[in-house]
Amino acid sequence: MKIILIGYMGSGKSTIGKSLANKLNLPFVDLDDTIEREIGVSISDFFETFGELKFRRLERQVLHKIITEKEQMILSTGGGTPCYGDNFMLMKSSNAKVFYLKASIKTLAARLIDEKNKRPLIRSIGKQNLPEFIGKHLFERNNFYLQADQIVEIDEKSVAEVTERITALL
Ligand code: S3P
């Protein structure tokens, strides 16, 4: 079984991924962590030195490698992963079940406000402007996110509840 979690930054892809992997007894793979291991620096530092385009190329390359090599896994992606190049097509054609962890702008802004510095795309956005930025960004990205096989609302749900919901949908 291959399960891929997609969704905006702060939607809980890594936390839910680990919880699901635990519950289903499957290997867990975090795309961002895998990329960081490969490059030996944080994604933030990589963005700063080489820019977003180089990051997207690398992200695609690592995603392809993981998807082709791993038969069984829970894969947590980065927020932008399904929105670039042929990444989404690759996910869909790999027999994976793709779940979109859907959160409201309010939930995302509340979660991201204290973690902005770890995320290059929102690092320079002022706290006041964060909800507006997320809203616009989601508007662009929803086109991809909403093509997932299943959409799971995560607002006000615990990790255990979201994990349970995904398991029930398998
Ligand atoms: C990104 C999300 C990040 C990371 C990179 C770009 C995005 O992952 O891949 O900073 O484009 O939304 P998380 O969603 O795990 O924060």
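No experiment lies behind these values; they were computed from the predicted model shown. Only heavy atoms go into these numbers, but all of them, side chains included; no hydrogens, no water, no symmetry mates. Whatever order the structure lists ligands and atoms in, that order sets their numbers, starting from 1.
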Participant: Using a distance-only test with no angle check, is there a side-chain donor-acceptor pair under 3.5 angstrom linking D30 and S14?
Facilitator: yes

Participant: Is it true that E59 and K54 have a side-chain N and a carboxylate O under 4.0 angstrom from each other?
Facilitator: no

Participant: My understanding is that we take every heavy atom of each candidate and find the minimum distance to atom 13 (P) of ligand 1. Doing that for I6, I43, L31, D32, which one comes out nearest?
Facilitator: D32

Participant: Could you say whether the N/O atoms of Y8 and ligand 1 ever approach to under 3.5 Å?
Facilitator: no

Participant: Please say whether T77 places an N or O atom under 3.5 Å from an N or O atom belonging to ligand 1.
Facilitator: no

Participant: Report, in ascending order of atom number, the atoms of ligand 1 lying under 4.0 Å from any heavy atom of G78.
Facilitator: 8 (O), 9 (O), 14 (O)

Participant: Under a 4.0 angstrom heavy-atom cut-off, which atoms of ligand 1 come close to R119?
Facilitator: 16 (O)

Participant: Going by the side-chain hydrogen bond (donor to acceptor under 3.5 Å, both in side chains) test, name the single residue among R111, K13, H137 that passes it with Y8.
Facilitator: H137

Participant: Could you tell me, atom by atom, which parts of ligand 1 come under 4.0 Å of a heavy atom of R141?
Facilitator: 7 (C), 11 (O), 12 (O)

Participant: Number the atoms of ligand 1 from 1 as they appear, then name those within less than 4.0 Å of a heavy atom of P120, with their elements.
Facilitator: 10 (O)

Participant: Could you point out which residue of F47, Y84, F50 forms a ring pair (Phe, Tyr, Trp, His ring centres under 6.0 Å) with F55?
Facilitator: F47

Participant: Give the C-alpha distance, both sets of side-chain angles, the deciding distance and a yes or no for salt bridge (Lys or Arg N to Asp or Glu O under 4.0 Å) between E153 and R165.
Facilitator: CA-CA 9 Å; E153 312 254 354; R165 178 81 190 119; over 6 Å; no

Participant: Under the criterion side-chain hydrogen bond (donor to acceptor under 3.5 Å, both in side chains), which of T81, D86, N87 is the partner of R60?
Facilitator: D86

Participant: Find all atoms of ligand 1 within a distance of less than 4.0 Å from any non-hydrogen atom belonging to R56, and give their numbers and elements.
Facilitator: 6 (C), 7 (C), 11 (O)

Participant: To check your reading of the model: name the closest protein heavy atom to atom 2 (C) of ligand 1, its residue, and the distance in Å.
Facilitator: G79 N, 3.4 Å

Participant: Are I4 and I154 in one and the same hydrophobic cluster, where Ile, Leu, Val, Met, Phe, Trp and Tyr link if side-chain heavy atoms are under 4.5 Å apart?
Facilitator: no

Participant: Is any N or O atom of L121, backbone or side chain, closer than 3.5 Å to an N or O atom of ligand 1?
Facilitator: no

Participant: What about G80: any of its N or O atoms under 3.5 Å from an N or O on ligand 1?
Facilitator: yes

Participant: Do F46 and I66 land in one hydrophobic cluster if side-chain heavy atoms of ILVMFWY residues count as linked below 4.5 Å?
Facilitator: yes

